[in-house]
There are 2 protein chains.
Amino acid sequence: MTYDPKYENKLRESGLRPTKQRIKICEVLFNSTETFHFTIKDLVKIIENQANIKVSLATVYNTVHAFNKKGYLKEIPINSSQSYYDTNISHHHHFFDEDENKLIDIDQNDVDEVMIKKTIPGKKIKSIEVIAKIVTDN
Amino acid sequence: MTYDPKYENKLRESGLRPTKQRIKICEVLFNSTETFHFTIKDLVKIIENQANIKVSLATVYNTVHAFNKKGYLKEIPINSSQSYYDTNISHHHHFFDEDENKLIDIDQNDVDEVMIKKTIPGKKIKSIEVIAKIVTDN
DNA sequence: TCAACAGATTAGAATGATTTTAATGTATGT
DNA sequence: ACATACATTAAAATCATTCTAATCTGTTGA
Ligand SMILES: [Mn+2]
Ligand SMILES: [Mn+2]
Ligand SMILES: [Zn+2]
Ligand SMILES: [Zn+2]
């Protein structure tokens, strides 16, 4: 079976074989010119709405985790009962709207680069995330 | 019944009556000169080790949530199966050691103040958190 | 002082996201 | 086409957190 090589590559590089379920997930995640933020529940809902095929929760979790590990998706650190993921893997930061429970991108240019003077012996920095919580102003 | 007024005040200001369970929680959280990071499970374990009294999980959750809401504790945003809290409520940031699953304080002086140029109409910034994930360097 | 009651405690049940299981199905190299 | 490693799935398990509802206690005002 042969699939859109763009998706097949992403899957193989993530250590996964291309299957129709995974290709469907790729179509939802990587088709659009717009990036977006989502939870697993969001993603399942989108797939259900578009799809002629059914994808089990387990497969959605497995695939998202593999993409996150490979770096094709980013998990955004918020305290929430669910994990939030981002299809925008460029270096950028976030507002988290606590009224709407929604992430909003902050372009890298809109935040001065975060410089941390402290270091921990034997450890290296893997990522730096800035989360600014926002609420209705009144 | 009368209790250490330091703890009684914190409790009343958080909208809670002083009870022996809650005072015990206060002793663990606020007695030490050192601040620390903890999960609910950590806190329950510390209480069990020190205490002559038993405190139910429900009471621990309720009390921690009230202190967090009032600002006597801070919840630290990490993606983890459990919530992390901080008894250090001064403005500061964190390393998260992914090998040890441990938070490490970064003094405010060790990070340039984060300035965000972007604004969202009708919304105000409630907090800004910087999380730097660290891993063993080799 | 003390009864009345609002609020607190608790064990255990419920919830809900995530992970695991194990039976069945499929992609891939030969 | 075959063998095999990997994938899919429904359902169960896990586990942090929240809820419930029965019982208890701090507080207050008569
Ligand atoms: Mn995860
Ligand atoms: Mn919480
Ligand atoms: Zn984003
Ligand atoms: Zn801290």
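Residue numbers start from 1 in every chain, and the chains themselves are labelled A, B, ... in the order their sequence lines are given, proteins ahead of strands. As the structure is a computational prediction, the values presented were derived from the model and not from experiment.
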Atom-to-atom span, OH of Tyr61(B) to C1' of dA8(C) - whole angstrom: 19 Å
Just call it for Leu57(B): base, sugar-phosphate, or nothing, with non-hydrogen atoms closer than 4.0 Å on any strand. base
Would you say Ser83(B) reaches dT17(D)'s phosphate, i.e. side-chain N/O to OP1/OP2 under 4.0 Å? yes
Would Phe30(B) and Phe67(B) count as a ring-ring contact (aromatic ring centres under 6.0 Å, His included) here? Give the steps. CA-CA 11 Å; Phe30(B) 307 123; Phe67(B) 284 149; 5.3 Å; yes
Who passes ring-ring contact (aromatic ring centres under 6.0 Å, His included) against Tyr7(B), sequence neighbours left out? none
Output the rounded distance in Å from CZ (Arg22(A)) to P (dA27(C)). 11 Å
Closest to the Thr59(B) side chain: dT18(C), dT10(C), dT9(D)? dT10(C)
So, OP1 or OP2 of dA11(C): does either fall under 4.0 Å of a side-chain N or O from Lys54(B)? yes
Nearest whole Å is fine: how far is dG16(C) C1' from Ile40(A) CD1? 14 Å
On DNA chain D, compare the nucleotides closest to Ala58(B) and Arg17(B); which residue's is nearer the 5' end? Ala58(B)
Report yes if at least one side-chain N or O of His65(B) is closer than 4.0 Å to OP1 or OP2 of dT18(D); otherwise report no. yes
Output, in order, the C-alpha distance, side-chain angles, deciding distance and verdict of side chain to side chain donor-acceptor pair (under 3.5 Å) for His37(A) and Asn88(A). CA-CA 8 Å; His37(A) 306 108; Asn88(A) 179 354; over 6 Å; no
Let me know the distance between CG of Asn62(A) and C1' of dT8(D), rounded to the nearest Å. 9 Å
Point-to-point distance, once rounded to the nearest 0.5 Å, from CD1 of Ile47(A) to CD1 of Ile25(A): 4.5 Å
Rounded to whole Å, how long is the line connecting atom CG of Leu16(A) with atom C1' of dT28(C)? 15 Å
Can you tell me the distance, in whole Å, between the CD1 atom of Ile53(B) and the P atom of dT25(D)? 12 Å
Proximity to the side chain of Arg12(B) - top-ranked nucleotide from dA11(C), dT18(D), dT27(D): dT27(D)
Figure out the CD/P separation between Gln82(B) and dA16(D), and round it to whole Å. 5 Å
It should be established whether Gln21(B) places a side-chain nitrogen or oxygen under 4.0 Å from OP1 or OP2 of nucleotide dT25(D). no
Short side-chain N/O contact to dA16(D) OP1/OP2 from Ser81(B), under 4.0 Å: no
For Arg12(A), salt bridge (Lys or Arg N to Asp or Glu O under 4.0 Å) partners two or more places apart: Glu8(A)
Among dT19(C), dT9(C), dT20(C), the nucleotide that comes nearest once only the side chain of Thr19(B) is considered: dT9(C)
To the nearest Å, how far apart are Leu11(B) CG and dG26(D) P? 13 Å
